[in-house]
Amino acid sequence: MMPTIRIDDDVLDGLKSMAEPFSDTPNSVIRRLLEEHGNLAKPTSRSRKDKVVKDDAIGNSEISNQRKQALTAQPIYETFLLYVLWKLFDGKAPKNEVTAAVITSMKSKGFISDADLETVSTGETKAKNTIAWGRNALKDMGLISSHSAKGVWELTSEGVEKAKQIVLPIPIDSDALLDELMGKK
């Protein structure tokens, strides 16, 4: 089990400003900073599943199974959670129903990898665990109510307004897109 750390809002904003959207997590940003400042050894080979694809000497990305197996970042789960809770449940529903619908929606858009479906020590999948943490983050932002009945997730009026602005991406064939971007058509 990984330890939980609390950081100030301004520190989190600083991390966000250094992050690559849809690929970085707070851990990957902190890891990169520690490696750059010599406080953490840079690995010679990237063995962790949540590592970013590394570039070779001429700038071509090394496409590997690690990329395909990368964990989905929590902000992506949060976006889907807001959208699904609003669109499918009119802003209020039991946790288990919302969680299942978020996973189904994310799978249909190609955002759930095998790594997200691995089981953690609590017996739930990493996806379900991340959705629960995402709910807590959205609650802290005032987008999900902290006064709902136990086991029920409910959007606040601010959450509804934020959810109405969300446009989910269309599903893509990520392998074909990567091949096209790499000129391997």
Side-chain angles (χ1 to χ4, degrees), residues 1-2 4 12 15-16 19-29 46 48-53 61 63-146 148 151-156 158-181:
M1 182 112 189
M2 290 188 192
T4 300
L12 180 60
L15 285 173
K16 287 178 182 177
E20 293 180 37
F22 296 110
S23 66
D24 271 334
T25 64
N27 185 74
S28 64
V29 174
R46 305 264 180 162
R48 291 176 47 110
K49 291 180 180 176
D50 59 346
K51 288 295 181 187
V52 183
V53 176
S61 292
I63 309 298
S64 69
N65 287 335
Q66 293 168 356
R67 173 83 168 131
K68 294 176 188 174
Q69 293 300 312
L71 291 171
T72 305
Q74 183 173 314
I76 296 171
Y77 283 97
E78 292 169 7
T79 299
F80 275 86
L81 176 54
L82 280 174
Y83 183 83
V84 165
L85 192 52
W86 167 66
K87 193 74 168 176
L88 300 182
F89 297 101
D90 201 29
K92 182 178 180 180
K95 169 191 173 182
N96 291 337
E97 291 179 28
V98 176
T99 299
V102 168
I103 290 172
T104 299
S105 181
M106 290 179 70
K107 278 183 180 178
S108 75
K109 302 280 186 184
F111 281 96
I112 297 283
S113 70
D114 290 341
D116 292 305
L117 298 175
E118 292 176 0
T119 304
V120 295
S121 61
T122 60
E124 65 188 354
T125 64
K126 290 179 181 180
K128 287 181 180 181
N129 186 270
T130 306
I131 291 168
W133 281 107
R135 180 259 183 191
N136 287 340
L138 293 170
K139 184 180 70 168
D140 290 345
M141 290 183 249
L143 302 175
I144 289 184
S145 176
S146 58
S148 298
V152 175
W153 292 355
E154 182 176 9
L155 293 176
T156 62
E158 293 86 3
V160 170
E161 291 308 310
K162 184 79 169 176
K164 287 179 179 179
Q165 298 172 13
I166 295 171
V167 178
L168 295 179
I170 59 170
I172 60 168
D173 179 346
S174 58
D175 290 335
L177 178 61
L178 287 171
D179 287 346
E180 184 177 326
L181 292 172

* Asked: Given side chains that start at C-beta, do those of W153 and L138 come closer than 4.5 Å, heavy atoms only?
  -> no
* Asked: Taking all non-hydrogen atoms of both residues, which atom of T156 and which atom of S145 are closest, and how far apart?
  -> CG2-N, 3.6 Å
* Asked: What's the spacing between T72 OG1 and M106 CE if we round to 0.5 Å?
  -> 5.0 Å
* **T104 side chain vs A100 backbone, donor-acceptor pair below 3.5 Å** => yes
* Structure fact -> So CZ of F80 and CD1 of I131: to nearest 0.5 Å the spacing works out to 10.5 Å
* Asked: To the nearest 0.5 Å, what is the distance between CD (E124) and CD (E118)?
  -> 14.0 Å
* Please name the residue in the list T99, T130, D116 that meets the side chain to side chain donor-acceptor pair (under 3.5 Å) test with Y77. => D116
* Taking atom CG of L155 and atom CD of E161, what is their separation to the nearest 0.5 Å? -> 10.5 Å
* Asked: What closest approach, in Å, do A127 and I112 show between heavy atoms, and which atom pair accounts for it?
  -> CB-CD1, 4.3 Å
* Structure fact -> Rounded to the nearest 0.5 angstrom, the CG-CD distance for N129 and Q74 is 9.0 Å
* With sequence neighbours excluded, residues passing side chain to side chain donor-acceptor pair (under 3.5 Å) with S148 -> E154
* To do: Mind checking the CD1-NZ spacing from I144 to K92? Nearest 0.5 Å is all I need.
  => 13.5 Å
* Counting N and O atoms only, with roles assigned by atom type, does the side chain of S105 sit under 3.5 Å from a partner on the main chain of V102, one being a donor and the other an acceptor? -> no
* Closest approach of V84 and A101, non-hydrogen atoms and distance? -> CG1-CB, 3.6 Å
* To do: State, yes or no, whether a side-chain contact exists between T125 and V120 at a heavy-atom distance under 4.5 Å.
  => no
* **Side-chain heavy-atom pair M141, E78 within 4.5 angstrom cut-off** => yes
* Measure across A70 and S113 and return the closest heavy-atom pair with its distance rounded to 0.1 Å. => O-OG, 3.1 Å
* T79 versus I166, closest heavy-atom pair with distance -> O-CD1, 3.5 Å
* Would you name the heavy atoms of A93 and L85 that are closest together and state the gap between them? => N-CD1, 4.0 Å
* **Intermediate values then yes/no, side-chain contact (heavy atoms from CB on, under 4.5 Å), L82 and Q165** => CA-CA 10 Å; L82 280 174; Q165 298 172 13; over 6 Å; no
